[in-house]
Amino acid sequence: MTGDLRLGVNIDHVATIRNARGGDHPDPVNAALVAAQSGADGITAHLREDRRHIRDDDLERLMAALTIPLNLEMAATEEMLEIALRHRPHAACIVPERREERTTEGGLDAAGQGNFLTPFVDKLTAANIRVSLFIEPDPRQIEAAIRLKAPVVEFHTGRYAHLDGEARANELRRIVDAAALARKNGIEPHAGHGLTFENVAPIAAIPQIAELNIGHFLIGEAIFCGLEASVGKMRALMDHAR
Ligand code: PXP
């Protein structure tokens, strides 16, 4: 059973473990299938320019095997654009990979890149791929997303995840306000990065947020309790917070 808040499971770090030995185990595609059976509404994978975890053939196999939507995280490069247009995943989330593409906090600096992102958003959208921009919960970045006509933004929750006490409460307020601002402007807000069993509930409770993308913690926790239980517990915490 899934609630109205979707869970996207990021399987990158299954590939990280596989690549540590250079073989084909553990297989991120198998992990994606287990996640799908355990309450994931979508699968997220980041094909990095250096292929440090997910590789091109993983993407091909994911596209062939999945019956739930694939969200491809990608840098705004010609190479990644060509790959996305060839595979046509359900969604593509544009993320920063180089320092100069980031805001000080870590999201994509959509506001500071002028018209650079326009052809990426336009070409992905024309291919029926739902474009998302991974940005800080900052009104300037949301304004850039509006200007670029991105249908989705994903708020970077890394700062929220790493803070505590009053500082975390302040960052949560920034995310709450940003989610409301995005919705008011017709943009669907998502959130992700650094989310865990301990910190997910306040983010899941934000009514405008439609999707959380969670990876590292779920894969790490699977070492102790298995992937099915790890995804299932996250799903239950999200549904309970809603
Ligand atoms: N969303 C985006 C856009 C990301 O780049 C990442 C990290 O790859 C995540 C979500 C998931 O973050 P984490 O692995 O910390 O859960």
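Since the structure is predicted, the reported quantities are computational estimates derived from the model, not experimental observations. When a ligand or atom number is given, it counts from 1 through the structure's own listing order. When reading the values below, keep in mind they use all heavy atoms of this one structure, side chains included, and skip hydrogens, waters and symmetry mates.
- Counting only heavy atoms of the protein, atom 12 (O) of ligand 1 lies nearest to His193 CA, 3.3 Å.
- Close contacts between ligand 1 and Gly194 involve ligand atoms 12 (O), 13 (P), 15 (O), 16 (O) [criterion: under 4.0 Å to a heavy atom].
- Heavy-atom proximity to His216, at under 4.0 Å, picks out these atoms of ligand 1: 13 (P), 14 (O), 16 (O).
- A distance below 6.0 Å separates the ring centres of His156 and Phe134.
- Annotation: His87, atom NE2; neighbour count of heavy atoms from other residues, nucleotides and ligands within 6.0 Å is above 12.
- The closest protein non-hydrogen atom to atom 5 (O) of ligand 1 is Glu73 OE1, 3.0 Å.
- The nearest heavy-atom contact from the protein to atom 16 (O) of ligand 1 is Gly215 N, 2.8 Å.
- In this structure, atom 10 (C) of ligand 1 lies nearest to the protein heavy atom Glu154 OE2, 3.3 Å.
- Residue-ligand proximity, Asn213 to ligand 1, at heavy-atom distances under 4.0 Å covers atoms 10 (C), 11 (C).
- Within the structure, ligand 1 lacks His46 among the residues with a heavy atom less than 4.0 angstrom away.
- Checked for salt-bridge contact, Glu82 and Arg86 meet the test: a charged N lies under 4.0 Å from a carboxylate O.
- Salt-bridge check for Lys149 with Asp122: failed, with every basic side-chain N at 4.0 Å or more from each acidic carboxylate O.
- Glu49 has no carboxylate O lying under 4.0 Å from a charged side-chain N of Arg55, or vice versa, which leaves the two without a salt bridge.
- Defined by atom type and a distance below 3.5 Å, a donor-acceptor pair is missing between the side-chain atoms of Glu73 and Asn71.
- A salt bridge does not link Arg18 to Asp24: none of the charged nitrogens lies less than 4.0 Å from a carboxylate oxygen.
- Near Asn10, with a cut-off below 4.0 Å to any heavy atom, the atoms of ligand 1 are 8 (O).
- Close approach to Val95 involves these atoms of ligand 1, each under 4.0 Å from a residue heavy atom: 3 (C).
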